[in-house]
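Each remark here refers to the structure printed beneath this line.
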Amino acid sequence: MKKYTTIEDIENLTELINKAIQLKNNAFQFEALGKHKTLVMLFFNASLRTRLSTEKAAKNLGMNVTVLNVNDAWNLEYEDGSVMNLNTAEHVKEAAKVISQYADIIAIRAFPTLKDKTKDESEFIINSFIKYATAPIVSMESATAHPLQALADAITIEELKTSPKPKVVLSWAPHTKTLPQAVPNSFVSMMQKLDVDFVITHPEGYALNPEITKDVPVYHNQEEALKDADFVYSKNWSSYSNYGKILEVDSSWMMTKEKLASAKFMHCLPVRRNLVVEDAVLDSDQSLVIEQANNRTFAAQIVLKNLLENL
Ligand code: CP
């Protein structure tokens with residue numbers, strides 16, 4: 001692995017998941033690998049899990065970790081040939097090369113604008129770092145993808161499935177804020193690589209990028225989609241076709257204990273209680289959200305291990 005900005009960077013998914021699960025039994029078995037190596041984490045946006053789990057993963061491998069909240073640094077310019085006479089103080093060309101001198105691996109979180117689809121889909125921040133940095137890049141959630149979350153979710157399903165081919169449902173959830181499509185995009189791509197019976201359910205107008213969903217069955221009737229589900233992943237996302245818009249906050253799409261039936265509940269967190277999912281689900285044994293967050297450490301650790309081995 002030379003970088004990890006999309007799940008397409010994974011060469012052998014089954015092997016990676018199994019190795020991540022093995023790491024859970026002995027998290028420090030490769031602590032010599034990262035000695036005298038530094039992970040620099042750049043945050044353009046807020047985080048709880050990604051920041052703490054990725055730092056823990058790097059430290060489990062013996063790495064040093066430096067965190068920069070980019071909003072505390074110079075405002076970066078990304079346009080080639082621009083006259084920098086406005087509010088950008090440093091070009092990414094210099095910044096990426098400078099950071100590469102301090103880092104053996106660079107991890108970046110950079111959310112979308114959710115206003116300009118073309119700009120967001122160009123992934124201009126993460127792709128500029130891929131272009132100009134000399135250290136490998138890890139996405140800690142970009143405009144269109146959250147590959148570390150998707151890997152943690154795959155680990156969780158593989159660990160806890162009770163049938164060889166479980167039914168997994170991605171169910172859109174109501175929300176009052178405009179949220180990205182990054183988590184559902186990567187989850188959809190990941191489910192297409194696992195041996196699962198996968199369906200998506202959302203109200204009209206919330207179709208994800210068809211280049212990502214491909215031929216995954218989509219239901220506008222949530223009840224029908226949830227039939228015989230083993231895992232239900234609730235997640236809000238804003239409209240892709242009416243880009244970045246909230247079309248409705250229909251509380252009838254909230255996940256309830258009754259709708260969940262005997263399925264396990266998944267969510268990437270943070271989650272708004274009694275808007276996305278009712279208390280009775282999160283407070284029950286059917287909720288896997290804490291285990292998913294735990295698996296973020298081992299997803300990050302197996303990715304960092306692979307990158308360290310290829311430096
Ligand atoms: N799931 C996730 O990425 O959480 P944070 O936004 O808190 O990092």
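Start at 1 and go down the list; that is how both ligands and their atoms are numbered. Quick note: residue numbers are just sequence positions, from 1.
Annotation: cation-pi geometry not satisfied between Lys264 and Phe231 (NZ/CZ under 6.0 angstrom from ring centroid, within 45° of ring axis). Cation-pi contact between Lys117 and Tyr240: present, with separation from the ring centre below 6.0 Å and deviation from the ring axis of at most 45°.
For atom 4 (O) of ligand 1, the closest heavy atom belonging to the protein is Arg49 NE, 2.9 Å. Of the protein's non-hydrogen atoms, the one nearest atom 6 (O) of ligand 1 is Arg109 NH1, 2.8 Å.
Among Lys259, His202, Gln222, the single residue meeting the side chain to side chain donor-acceptor pair (under 3.5 Å) criterion with Ser171 is Gln222.
Residue contact check: Ser47 has heavy atoms under 4.0 Å from atoms 5 (P), 7 (O), 8 (O) of ligand 1. Near His146, with a cut-off below 4.0 Å to any heavy atom, the atoms of ligand 1 are 2 (C), 3 (O). Residue Gln149 approaches ligand 1 through these ligand atoms, each under 4.0 Å from one of its heavy atoms: 1 (N), 2 (C). Near Cys268, the atoms of ligand 1 lying under 4.0 angstrom from a non-hydrogen atom of the residue are 1 (N).
Between Arg272 and Glu278 there is no salt bridge, since none of the side-chain N atoms of the basic residue sits less than 4.0 Å from a carboxylate O of the acidic one.
Of all the listed residues (Glu141, Gln292, Arg296, Arg51), Arg296 holds the heavy atom that lies closest to atom 2 (C) of ligand 1.
Counting heavy atoms closer than 4.0 Å to ligand 1, residue Leu269 contributes backbone atoms (N, CA, C, O) but none from C-beta onward.
Distances shorter than 4.0 angstrom do not occur between any heavy atom of Met140 and any atom of ligand 1.
Ring to ring, Phe111 and Phe44 are not that close: their centroids are 6.0 angstrom or more apart.
Classified by interplanar angle (parallel below 30°, tilted 30° to 60°, perpendicular above 60°), the ring pair Trp237/Trp172 is perpendicular. Relative orientation of the Tyr233 and Phe187 rings is tilted, given thresholds of 30° and 60° on the angle between their planes.
Checked against a 3.5 angstrom limit, the closest N/O atoms of Leu48 and ligand 1 fall inside it.
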